[in-house]
Amino acid sequence: MAQLRLEGVAKRFGEVQALAPLDLTIGSGEFLGVLGPSGCGKTTLLRCLAGLETPDEGTISFGDQVVFDGTRGIQVPPQSRGIGMVFQDLALWPHLDVFENVAFTLRARKDTKDLTARVEAALEQVRLAGYGDRYPHQLSGGQQQRIAFARAVVNRPAVLFMDEPLSALDAALRIDLRAELTALTKELGLTAVYVTHDQEEAMSMSDRILVMEEGHVRQDGLPEAIYQRPSSFFVADFIGRLNLLDRPERYLDVTRLVPAPAANGLGEVVSSGEAASADGAARTTVVAGGAGDDLGAGVAAGIRPEKVHLSPNGAHSAALEAEVELASYLGDRYELRCRVDGASTPWVVYSARRVGIGERITLHVEPEDLIVTAR
Ligand SMILES: Nc1ncnc2c1ncn2[C@@H]1O[C@H](COP(=O)(O)OP(=O)(O)OP(=O)(O)O)[C@@H](O)[C@H]1O
Ligand SMILES: [Mg+2]
């Protein structure tokens, strides 16, 4: 069991700040997902943790062992950190059979006590007992992935680092293996850091998620919080789909924006209610936390597709007119791409009934479902 702690850990490559000074604690036994677009620093963070990269500054400790301290010149090598690693490129040795692939690191360290039993136990763990004398090319992609996992845990590490381990596999297999990998890490009591740019993968596997952008952690929280209460427009747009309301005040009577109470608590819709308008229709007041006092360039509002209704959902719902541009049947629903009058970007909404291309539809949104964030 190991709690990982980073304090002020930063890494720069020439002009690129791959990792801005970062403070982070990863709980013992926690499964942390690290999510973000290409080049945001995910692999750099993982490599600093693993000891494959030397940070420019800061300290890293695993439990009560300091594994990196820039000022004291401490840099514990990867093989002494008690870690296992699985990468996108599984790097199985093609000329070695499965048994020897799993045994490789143990032999390299001359740690051969009970070797056969330990390798077999690891193979059993990934449900590949009896596959020891096959070669990697005689295994499916999913089996190869499980061998890479067995190899990473044969040494009984307390910590497991995974960098896009599923991205080379096809979609259906990836979904199966997600559950399998999380179950295995929990079974072994591992503290896990899992890097991916697949938001669904991160949300379904992680206890907690870091969303990164350009070397910075933009949000750190439960998957539900990241999805439902993104702290910035970047996070809202990156995680899941977000339909943009260019000027929410055209549809909703957004009367007041109050400064956010917390640094990252921007844009929460804190209350809504009815107010009379000139045309007598019930309209809604949204009070949202935002960067400024009005809905200027600094604030964006959007709504998730599943929160847009094709028929009125409640007394407070606001109606928007739209024209359907594309309709795809997904089995359990239709996914529509439509052009909302006045909106600059197309929206994605879901429908239970078939809707034709070019058809005019009325969409309803509940103001409390709006995600209002700093731009
Ligand atoms: N060894 C290196 N030398 C120079 N620049 C590097 C090096 N490693 C990473 N970088 C740069 O640091 C930034 C972060 O890279 P990193 O590999 O951490 O991104 P990532 O989030 O893992 O991206 P991806 O999803 O594409 O794997 C990028 O701009 C990258 O080009
Ligand atoms: Mg990477």
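The shown structure was predicted, so the numbers you read here are calculated from the model rather than taken from an experiment. Just so you know, ligand 1 is whichever comes first in the structure, and atom 1 is the first atom listed for that ligand. For reference, positions follow the sequence shown, starting with 1.
Distance from atom 12 (O) of ligand 1 to its nearest protein heavy atom, with residue and atom name: Ala18 CB, 3.5 Å. Atom 13 (C) of ligand 1 has as its closest protein heavy atom Gly39 O, 3.7 Å. Summary of contacts: the protein heavy atom closest to atom 9 (C) of ligand 1 is Phe13 CE1, 3.4 Å. Taking atom 18 (O) of ligand 1 as the reference point, the nearest protein heavy-atom neighbour is Thr44 OG1, 2.6 Å. Among protein heavy atoms, atom 26 (O) of ligand 1 sits closest to Ser38 OG, 2.5 Å. Atom 17 (O) of ligand 1 has Thr43 CB, 3.7 Å as its closest protein atom, hydrogens excluded (heavy atom only).
Polar contact with ligand 1: absent for Glu53 (N/O pair, distance under 3.5 Å).
A cation-pi arrangement, defined by a distance under 6.0 Å to the six-membered ring centre and an angle within 45 degrees of its axis, is absent between Arg134 and Phe99.
Here the side chain of Asn243 pairs a donor or acceptor atom with the backbone of Val348 at under 3.5 angstrom. Here the side chain of Gln65 pairs no donor or acceptor atom with the backbone of Phe62 at under 3.5 angstrom. In this structure, Asn101 contributes its side chain and Leu96 its backbone to a donor-acceptor pair below 3.5 Å.
A centroid separation of less than 6.0 Å is found between the aromatic rings of Tyr194 and Phe31.
Between the Mg ion (ligand 2) and Gln88 there is no N/O/S contact shorter than 2.8 Å.
Taking a 4.0 Å cut-off on heavy atoms, Cys40 registers as neighbouring ligand 1.
Put simply, the residue from Ile239, Thr196, Leu222 that forms a side-chain contact (heavy atoms from CB on, under 4.5 Å) with Met203 is Ile239.
The part of Val16 lying near ligand 1 is the side chain, judged by heavy-atom distances below 4.0 Å.
Ion pairing between Arg5 and Glu7 holds under the 4.0 Å rule for side-chain N and carboxylate O. By the 4.0 Å N-to-carboxylate-O rule, Glu180 lies close enough to Arg127 to be salt-bridged with it.
Summarising the contacts of atom 25 (O) of ligand 1 with His197, Lys42, Gln88, the nearest heavy atom is found in Lys42.
Protein heavy atoms are absent from the space less than 4.0 angstrom from atom 30 (C) of ligand 1.
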